[in-house]
Every structure is written in structure tokens, then in C-alpha cells.
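Step one of this worksheet: look at the structure below.
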There are 2 protein chains.
Amino acid sequence: MEHNLDNTLALLDRTPAALDALLRGLPEVFTHANEGSGTWSAFDILGHLIHCEKTDWLPRAKIILTHGDTRPFDPFDRFGHVHGIQGKTLPMLLDEFALIRAQNLDELRSMRLTPEQLALRGLHPAFGPVTLSELLAAWAAHDANHLHQLSRVIAHQYRDLVGPWSKYEGVMHCTAHSAPG
Amino acid sequence: MEHNLDNTLALLDRTPAALDALLRGLPEVFTHANEGSGTWSAFDILGHLIHCEKTDWLPRAKIILTHGDTRPFDPFDRFGHVHGIQGKTLPMLLDEFALIRAQNLDELRSMRLTPEQLALRGLHPAFGPVTLSELLAAWAAHDANHLHQLSRVIAHQYRDLVGPWSKYEGVMHCTAHSAPG
């Protein structure tokens with residue numbers, strides 16, 4: 001299908017409330033557990049999403065609008081959130097994510113991007129040429145990616161508790177781990 | 001870890017609100033699209049979750065409490081939701097799921113299950129012996145399983161819109177489809 005920016009905004013709008021409904025007040029045995037060494041917990045994922053709001057999607061959109069493909073995006077730091085989440089609680093991260101996402105979407109809406117602007121090209125430091133449209137679609141897909149990861153992290157905590165069901169719950173056999181985007 | 005029923009209830013409690021936050025008002029291009037022939041949309045998934053509340057988890061728990069493993073569970077109809085969702089809207093299914101889940105959790109809480117009861121064995125028609133504890137843990141893991149599927153279904157709609165990001169978003173490479181549980 002064609003990229004419809006209103007649809008992408010509809011997805012991006014809903015993620016903070018969905019994560020809030022899922023995670024606020026949930027025991028730490030779920031929110032702070034991961035899938036093993038080097039993997040992320042729900043807490044880490046929230047930190048990463050906040051870091052992306054600050055340094056990835058909207059900042060990169062602005063680079064495209066200002067510089068086109070004459071200047072590559074700044075490389076994304078996949079561990080950039082580690083410092084920012086230290087000493088914080090999960091409710092603090094949920095509030096922070098909701099606030100910065102809302103601010104960023106307000107700013108995106110205020111740009112009133114035209115089809116011509118959405119077709120503008122930028123330069124990803126790893127992937128090469130991308131369009132503004134692809135970048136904004138990837139922002140929404142990235143939310144789905146981490147919701148996918150988050151549901152897997154939660155299910156992982158139950159892998160030894162569900163007996164024979166572990167064979168039949170697809171989420172317990174997902175190997176679709178993510179690379180930095 | 002040991003199965004903690006309060007933790008399982010915490011997960012089961014949150015799913016309706018999380019799905020509501022994610023899906024209510026979302027364009028049908030996301031809620032009614034699937035991953036191809038024979039796969040489920042968000043709308044179908046909601047119908048399935050409602051059907052499970054009616055015929056799977058709590059009814060099976062009651063069979064264990066009443067009959068132990070002397071009587072197998074009734075087989076689950078993976079297509080049992082098809083009739084029930086006809087003519088309904090997504091908001092109707094969200095409301096229906098929230099209501100029946102709340103009723104079922106009220107009933108589960110009112111049972112005040114003891115560790116001895118959680119260790120009782122039942123007979124799954126396909127898997128064989130299972131415990132009540134495993135069944136209730138699987139109920140929560142099954143929510144995570146379908147949240148995992150749902151995020152993948154949404155991301156699937158964007159696979160051609162994100163350009164080179166499609167290679168890097170794990171959710172677009174997930175092959176962990178589910179079997180009936």
C-alpha cells in the first residue's frame with residue numbers, strides 16, 4: 001500500500017498508552033527481567049524508545065528536510081539509553097516516553113509535510129539512501145518491533161511454568177531478534 | 001521461577017486495556033489486515049481471545065477442579081470465534097473482551113486456589129497430563145503470544161514502506177507462528 005502519514009501517526013500516537021496499560025504496576029519480575037545475558041528488559045526497551053525519540057527518528061527527519069542526502073544521519077547509539085535510565089523507575093520512563101512522543105508528534109504534525117517532502121532522500125550511515133517517507137514508516141514499525149520484543153520477553157519468564165504449552169506458544173520460539181535501526 | 005498466581009493475574013488483568021489502547025480507533029488498514037491467506041487480523045485475534053475466555057482457560061480450570069485428570073478437556077475449536085465476530089465492530093470486540101476477562105478473573109480470584117489445588121492434574125486432549133498451575137500460566141503466556149502476533153501483523157502492513165529498515169526490524173522476520181493451544 002501507499003504510505004499514509006495519518007496512519008503512521010495513528011500508530012505512533014497509541015504506543016505510549018499501550019505500553020502504559022501493559023506495564024505500569026506490573027511486578028518487576030516481568031518489567032526488569034530479560035531473555036538472558038546481553039538482552040533487554042521491558043525497562044531497557046522503554047529507555048531505548050525514549051532515546052530514539054531524542055536522537056533518532058525526528059532528528060533524522062529534520063536532517064533530511066535541511067540537508068537532504070548531502071549529510072548522513074548521525075550514527076545511532078544502541079546503548080545510548082543506558083546512562084539515561086539509571087536511577088529511574090519504570091513509571092518515570094513511561095511518563096517520559098509519553099511526554100516526548102507527544103511533543104515529537106506535535107512537531108511532526110506542525111511540519112505539514114507534503115508528498116514532495118516525503119519523497120526527499122536522506123543518507124543513512126549504514127543503509128545508504130532512504131526517503132523521509134521510509135524513515136517515518138520505520139518509526140512506526142520500530143514501535144511494533146519493540147512491542148513484539150516486549151511480549152516475547154514477558155513470555156520468556158513463563159517458559160518453564162507452562163509445561164507442554166511451551167511447544168505451542170509461538171512467542172516462545174521466536175528468534176527474530178532485532179539489529180540496531 | 002515458581003509460579004506466582006498474583007503475577008499471572010497481574011498480566012491477565014492488563015491485556016484488555018493494552019489492546020484497547022493499541023487498537024481502538026486505529027484505521028481498519030491495520031485492524032482488519034492480516035499476514036496473508038489463512039492468517040489472522042487484529043480483529044480475528046480479538047475474537048479468538050474472547051472465544052478462549054468462553055471455552056478454554058477458565059472452563060478447563062473448572063474441569064480440573066471437578067474431575068481432575070479423569071476427564072479430558074473439551075477440544076478447543078481454533079475457528080470457534082468465526083461465527084461470534086460476524087457483524088461486530090472492533091470496538092464491540094474490545095468491550096466484550098474487557099468484560100468477559102474481568103468476569104473470569106473475578107471468578108478465578110474468588111476460587112482462592114491453594115498450592116495443593118494448583119498442583120492438581122488435568123488431561124489435555126492433545127498434550128496429555130498438565131497441572132492447573134501450568135494451565136493458568138499458559139493463559140497469561142497466551143496473551144503475550146497474541147500480542148506478539150498482533151505486533152507482527154501490524155508491522156507486516158509496513159514491510160514495503162520502510163525501505164532498507166525491513167532488513168533490520170526483527171518483527172518483519174518472525175516465523176514463530178502459533179499452533180492451537
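Letters go in sequence order (proteins before strands), and every chain restarts at 1.
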Task: Derivation of the side-chain contact (heavy atoms from CB on, under 4.5 Å) call for B/Asn7 and A/Tyr158 - done: CA-CA 11 Å; B/Asn7 288 349; A/Tyr158 267 39; 4.0 Å; yes

Open item on the list: Looking at every heavy atom in both A/Leu161 and B/Ala137, which two are closest together, and how far apart are they?
Closed with: O-CB, 3.6 Å

TODO: Go through the atoms of B/Ala126 and report whether side chain, backbone, both or neither lie under 4.5 Å from a heavy atom of chain A.
DONE: neither

Open item on the list: Less than 4.5 Å apart, side chain to side chain, heavy atoms only: is that true for A/Val130 and B/Pro164?
Closed with: yes

Task: Contacting region of B/Arg159 [heavy-atom separation from chain A under 4.5 Å] - done: neither

Open item on the list: Quick check on the hydrophobic clustering: are B/Leu9 and B/Leu99 connected, directly or via other members, by side-chain heavy-atom contacts under 4.5 Å?
Closed with: no

TODO: Can you tell which part of B/Glu2 gets under 4.5 Å to a heavy atom of chain A, answering side chain, backbone, both or neither?
DONE: backbone

Open item on the list: Angle between ring planes, A/Tyr168 versus B/Phe127, binned at 30° and 60°: parallel, tilted or perpendicular?
Closed with: parallel

Open item on the list: Tell me which of these, A/Met172, A/His148, A/Glu134, has more heavy-atom pairs under 4.5 Å with chain B than the rest.
Closed with: A/His148

Open item on the list: Check whether B/Arg152 reaches the backbone of A/Ala144 with its side chain - one donor and one acceptor, N or O, closer than 3.5 Å.
Closed with: no

Open item on the list: Using heavy-atom distances under 4.5 Å, tell me whether B/Pro16 contacts chain A through its side chain, its backbone, both, or neither.
Closed with: neither

Task: Engaged part of B/Leu150 at the chain A interface, taking heavy atoms whose separation is under 4.5 Å - done: neither

- [ ] Please name the pair of heavy atoms, one in A/Ala141 and one in B/Glu169, separated by the smallest distance, quoted to 0.1 Å.
- [x] O-OE1, 4.3 Å

- [ ] Counting only heavy atoms closer than 4.5 Å, note whether B/Ser166 contacts chain A via side chain, backbone, both or neither.
- [x] neither

TODO: Take the angle between the ring planes of A/Trp165 and B/Trp57 and call it parallel below 30°, perpendicular above 60°, tilted in between.
DONE: tilted

Open item on the list: Among A/Asp13, A/Thr15, A/Leu11, which residue has the highest count of heavy-atom pairs closer than 4.5 Å to chain B?
Closed with: A/Leu11

Task: Least distance between heavy atoms, B/Asn145 atom then A/Val171 atom - done: OD1-N, 2.7 Å

- [ ] Say whether, by atom type as modelled, one donor and one acceptor occur between the side chain of B/Arg14 and the main chain of A/Asp20 under 3.5 angstrom.
- [x] no

Task: Closest contact, heavy atoms only, A/Leu22 versus B/Ala18 - done: CD1-CB, 3.7 Å

- [ ] Of all the heavy-atom pairs spanning A/Ala10 and B/Pro27, show the shortest one and how long it is.
- [x] CB-CD, 3.8 Å

